[in-house]
Amino acid sequence: MVWGPAEFAGLPPSWLVKEGLLSGVLGVLGVAGAGAVGVWLGVPALADGEAGLVCSGALVLYLALVRAGRALVGMVAVLGVCLALYTPQVAAGLVLAERGLVQSVVVTSVDSAEAPVGRVRYLCSVTDRDGVPLQVRIWRGCGRATRPGDALTVVYDPKGRVPPRGTEAGAGPAGPLRGLAALAAALLAACVTAVVRSYRLTPTVSAPAPATPRRG
């Protein structure tokens with residue numbers, strides 16, 4: 001019920017491992033591919049991660065149908081959600097690294113907000129060289145010492161499919177890509193393990209109802 005029956009002796013059957021690999025690869029491609037393609041092509045329905053969440057739900061449903069262990073199904077669900085939400089962020093960074101252009105902007109105001117890890121994040125409202133405000137606030141390159149009137153450097157997508165981002169020294173796509181690869185590998189491993197451990201030698205048979213004694 002928790003980890004799956006895994007009713008086989010020694011190594012699992014090769015066909016079962018192949019089935020797990022196939023389902024895991026298709027699941028990872030569906031969850032991550034939807035967000036990446038959506039960001040690159042500028043399709044909001046895919047770029048916001050909702051399509052990836054649907055693919056993650058389909059993968060979890062498949063594991064539930066093969067009656068995989070509940071703990072492994074829950075692990076796949078959590079990893080799938082994380083991958084679906086993280087992929088668009090990494091893809092946006094890759095788009096800006098590939099075709100982004102650099103421009104200087106002027107800070108108009110600085111606000112602070114609580115970051116997810118408990119630290120304070122500073123958010124800068126900026127305008128471009130023509131005085132037009134950007135629709136997003138910049139946090140990369142915006143710090144405690146930043147004041148209105150300061151200049152920041154941002155990278156923007158000339159096609160307008162990705163919001164502009166501030167630049168930071170030493171920041172690049174390599175780190176986020178490694179994190180994305182690790183998350184995808186963890187989802188694949190969890191899916192393969194769930195499928196392999198779902199193997200049963202005999203189907204589950206419900207216990208018969210107790211016989212009612214006859215009165216004679």
Of all the heavy-atom pairs spanning [X] and [Y], show the shortest one and how long it is.
X: C55; Y: G30; value: SG-O, 3.5 Å
X: M75; Y: A190; value: SD-CB, 4.1 Å
X: C124; Y: T146; value: SG-CG2, 3.8 Å
X: L72; Y: A194; value: CD1-CA, 3.6 Å
X: V81; Y: S56; value: N-OG, 3.8 Å
X: A34; Y: L46; value: O-CB, 3.4 Å

### Residue pairs fulfilling side chain to side chain donor-acceptor pair (under 3.5 Å) with at least one residue in residues 93-108, sequence neighbours excluded
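Sorted pair list: R99-D157.
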Taking the side chain as C-beta and beyond, is there a heavy-atom pair between [X] and [Y] under 4.5 Å?
X: V154; Y: V102; answer: no
X: R161; Y: V95; answer: no
X: L63; Y: V76; answer: yes
X: V39; Y: T87; answer: no
X: Y62; Y: V195; answer: yes
X: V90; Y: L177; answer: yes

### Query
Going through the checks in order, is the side chain to side chain contact (heavy atoms under 4.5 Å, CB included) test met by L123 and I138?
CA-CA 6 Å; L123 304 173; I138 305 299; over 6 Å; no
Judged by atom type as modelled, is there a donor-acceptor pair below 3.5 Å linking the side chain of [X] to the main-chain atoms of [Y]?
X: R147; Y: R144; result: yes
X: S23; Y: G20; result: yes
X: R197; Y: G69; result: no
X: T193; Y: A189; result: yes

#### Entry: Set of residues satisfying side chain to side chain contact (heavy atoms under 4.5 Å, CB included) with respect to L29, sequence neighbours excluded
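Partners of L29 under the side chain to side chain contact (heavy atoms under 4.5 Å, CB included) test: V25.
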#### Entry: Spacing of L101 atom CG and L96 atom CG [to the nearest 0.5 Å]
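These two atoms lie 9.5 Å from each other.
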### Query
Among all residues two or more places apart in sequence or in another chain, which pass the side-chain hydrogen bond (donor to acceptor under 3.5 Å, both in side chains) test with Y86?
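None.
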